[in-house]
Amino acid sequence: MIINTGQRTDIPAYYSEWFYNRIKEGYVLVRNPYYPEQVTRYELKPEVVDVLAFCTKNPAPMLDRLEELSAFRQFWFVTITPYGRDIEPNVPPKENVVTSFCRLSEKVGKRCVGWRYDPILIAGKYTVDYHIQAFEGLTAALSGYTDQAVISFVDLYQKTKRNFPQAREVTKAERAALGKAFAETGKRYGITVRTCCEGTDLAVYGIDTQGCMTKEVLEKALGEKLTVPVRSGPRPQCSCLLGNDIGVYNTCRHFCRYCYANYDRKTVLQNVARHRPDSPFLIGEAQPGDKIRKAKQSSFISDQLTISL
């Protein structure tokens with residue numbers, strides 16, 4: 001089984017103490033975001049957890065205690081974008097995140113750390129040329145510390161439209177110009193550029209359009225063959241392994257204006273006030289009427305070893 005931490009919030013940036021407590025205790029309780037009385041218990045044990053998958057804009061709070069995760073395989077995505085505090089109010093300075101990225105890569109291995117340059121939005125000073133130059137600079141800084149970069153374009157969810165009314169769709173011509181330039185830059189620095197759920201139109205430039213955290217990506221990173229059950233989801237075009245997320249929506253304090261996981265600032269702050277590092281729940285405690293079920297967990301690791309070339 002793969003345990004994910006990053007679709008709903010940024011656990012490494014804001015809840016690392018809680019996460020390490022859950023690893024120590026060996027389990028976590030997760031509410032269904034749509035039916036809160038339905039609670040899933042996941043065992044956090046290496047016998048049934050093949051990969052701990054992280055997605056963060058700031059891995060720094062986790063780095064000094066990574067030895068506590070030594071029994072687990074890990075895969076990290078670290079998002080580094082060129083936006084300022086006008087778009088990402090609480091994300092640390094980019095040079096700090098780059099430093100943390102490199103430290104993380106040195107600890108877990110560059111194949112287990114991917115870089116996300118997303119979402120790409122065009123607004124104000126953030127033009128196509130701006131992105132091309134920024135991507136070049138970041139690619140140079142991260143070269144040798146990762147072999148992959150994931151790009152995607154801003155999705156105009158209702159939450160995004162409300163919190164960031166200036167946002168607009170990236171045009172087909174802009175997508176093509178960025179895709180072509182990014183692919184060329186990645187090739188120069190030995191970094192494969194991927195998209196996820198963006199169609200296949202950028203494949204003509206040499207971009208891998210099969211997905212960001214696919215079975216194949218994880219197998220290459222881990223050097224293991226995975227036998228993953230076929231599952232259907234709300235995005236049938238997505239082949240990424242993104243289930244079993246232990247995070248909670250409306251809890252990320254980065255307050256990025258394009259965020260799809262937060263409703264508004266007030267809701268986030270109300271939830272954050274209910275966080276307890278020693279609770280099995282990320283937010284709050286057990287409630288009367290909770291229906292706790294144990295997740296069906298088993299290893300996806302095959303006996304067949306893969307060799308990364």
Side-chain angles (χ1 to χ4, degrees), residues 3-24 28 44 51-119 134-135 137-150 191 212-213 221 245-248 250-259 261-262 265 268-269 271-272 275-278 282-283:
I3 291 291
N4 280 290
T5 72
Q7 287 182 275
R8 301 172 182 171
T9 193
D10 192 330
I11 286 176
Y14 293 112
Y15 304 104
S16 62
E17 181 183 0
W18 173 83
F19 183 78
Y20 280 121
N21 285 341
R22 298 327 313 144
I23 291 294
K24 183 178 179 180
V28 63
L44 299 180
V51 186
L52 294 173
F54 300 94
C55 190
T56 180
K57 288 183 168 69
N58 180 19
M62 296 279 290
L63 295 182
D64 289 340
R65 298 178 60 183
L66 277 181
E67 68 278 359
E68 296 178 39
L69 305 181
S70 60
F72 295 88
R73 301 171 185 85
Q74 302 170 51
F75 185 83
W76 290 73
F77 273 127
V78 180
T79 300
I80 311 177
T81 50
Y83 307 119
R85 295 193 180 278
D86 56 328
I87 304 295
E88 298 175 341
N90 293 335
V91 175
K94 307 307 174 183
E95 57 270 21
N96 293 3
V97 184
V98 168
T99 298
S100 296
F101 186 109
C102 296
R103 284 186 60 201
L104 175 63
S105 175
E106 290 170 346
K107 287 176 178 288
V108 303
K110 76 173 188 177
R111 291 190 182 275
C112 294
V113 184
W115 165 36
R116 298 193 72 100
Y117 186 99
D118 70 333
F135 189 81
L138 288 169
T139 305
L142 299 176
S143 178
Y145 293 96
T146 186
D147 58 12
Q148 58 189 295
V150 174
I191 292 178
C212 61
M213 200 178 82
D245 195 296
I246 65 172
V248 176
N250 294 305
T251 60
C252 183
R253 286 181 282 144
H254 289 312
F255 294 121
C256 299
R257 297 188 67 192
Y258 51 73
C259 182
N262 285 346
R265 186 184 184 93
V268 171
L269 295 178
N271 283 336
V272 169
H275 171 69
R276 298 291 181 271
D278 58 347
L282 180 61
I283 300 299

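Below, each value reflects all heavy atoms present in this structure, side chains not excepted, and no hydrogens, waters or symmetry copies. Values in this document were obtained by computation on a predicted structure and should not be read as measured data.
For the atom pair CH2 (Trp115) and OG1 (Thr146), the distance works out to 9.0 Å, reported to the nearest 0.5 Å. A distance of 4.5 Å separates CD1 in Ile23 from CZ in Phe72, rounded to the nearest 0.5 Å. The OG atom of Ser143 sits 12.5 Å away from atom CG of Leu138, with the distance rounded to the nearest 0.5 Å. Rounding to the nearest 0.5 angstrom, the gap separating the OG1 atom in Thr5 from the CG atom in Leu52 is 8.0 Å. The CZ atom of Arg22 sits 11.5 Å away from atom CD1 of Ile11, with the distance rounded to the nearest 0.5 Å. Note that the CG atom of Asn4 and the CD1 atom of Ile246 stand 9.0 Å from one another [nearest 0.5 Å].
Considering only residues two or more places apart in sequence or on other chains, Arg257 meets the side chain to side chain contact (heavy atoms under 4.5 Å, CB included) condition with Phe164, Pro165, Gln166. Residues meeting the ring pair (Phe, Tyr, Trp, His ring centres under 6.0 Å) test with Tyr15, sequence neighbours left out: His275. Taking the side chain to side chain contact (heavy atoms under 4.5 Å, CB included) definition, one finds that Asn271 meets it with Asn250, Thr251, Thr267, Arg274, Ile283, sequence neighbours left out. Residues passing the side chain to side chain contact (heavy atoms under 4.5 Å, CB included) test with Glu106 are Tyr145, sequence neighbours excluded. Every residue meeting the salt bridge (Lys or Arg N to Asp or Glu O under 4.0 Å) condition with Asp64, not counting sequence neighbours, appears here in chain and number order: Arg103. Among residues two or more places apart in sequence or in another chain, the side chain to side chain contact (heavy atoms under 4.5 Å, CB included) test is passed with Ser100 by Pro59, Ala60, Leu63.
Summarising the geometry of Ile191 relative to Ala149, their closest heavy-atom pair is CG2-N, 3.6 Å, with the distance given to 0.1 Å. In plain terms, the two heavy atoms of Cys55 and Thr79 that are nearest each other are SG-OG1, 4.4 Å. Across all non-hydrogen atoms, the minimal contact from Ala13 to Pro61 is O-CG, 3.7 Å. In this structure, Pro277 and Asn21 approach most closely via the heavy-atom pair O-ND2, 2.9 Å. Of all heavy-atom pairs between Asp245 and Arg8, the closest is O-NH1, 3.3 Å. Residues Tyr83 and Pro119 approach most closely at OH-O, 2.7 Å, considering heavy atoms.
Ring planes of Phe54 and Trp76: parallel class, angle under 30° (limits at 30 and 60°).
Ser70 places a side-chain N or O within donor-acceptor distance of the main-chain N or O of Glu67, the cut-off being under 3.5 Å. Judged purely by atom type and a 3.5 angstrom limit, Thr56 uses its side chain to pair as donor or acceptor with the backbone of Asn58. In terms of modelled atom types and a separation under 3.5 Å, the side chain of Asp10 and the main chain of Lys57 share a donor-acceptor contact. In this structure a side-chain-to-backbone donor-acceptor pair under 3.5 Å is present from Tyr20 to Met62.
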Stepwise side chain to side chain contact (heavy atoms under 4.5 Å, CB included) check, Ile80 with Leu142: CA-CA 10 Å; Ile80 311 177; Leu142 299 176; 4.1 Å; yes
Residues Glu88, Tyr258; criterion side chain to side chain contact (heavy atoms under 4.5 Å, CB included); working and verdict: CA-CA 9 Å; Glu88 298 175 341; Tyr258 51 73; 2.5 Å; yes
Steps toward side chain to side chain contact (heavy atoms under 4.5 Å, CB included) verdict (Phe77, Gln148): CA-CA 10 Å; Phe77 273 127; Gln148 58 189 295; 4.3 Å; yes
Intermediate values then yes/no, side chain to side chain contact (heavy atoms under 4.5 Å, CB included), Arg116 and Thr81: CA-CA 8 Å; Arg116 298 193 72 100; Thr81 50; over 6 Å; no
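A heavy-atom distance below 4.5 Å is not found between the side chains of Tyr14 and Leu282.
The existence of a salt bridge linking Arg111 and Asp147 is confirmed by a sub-4.0 Å separation between a basic side-chain nitrogen and an acidic carboxylate oxygen.
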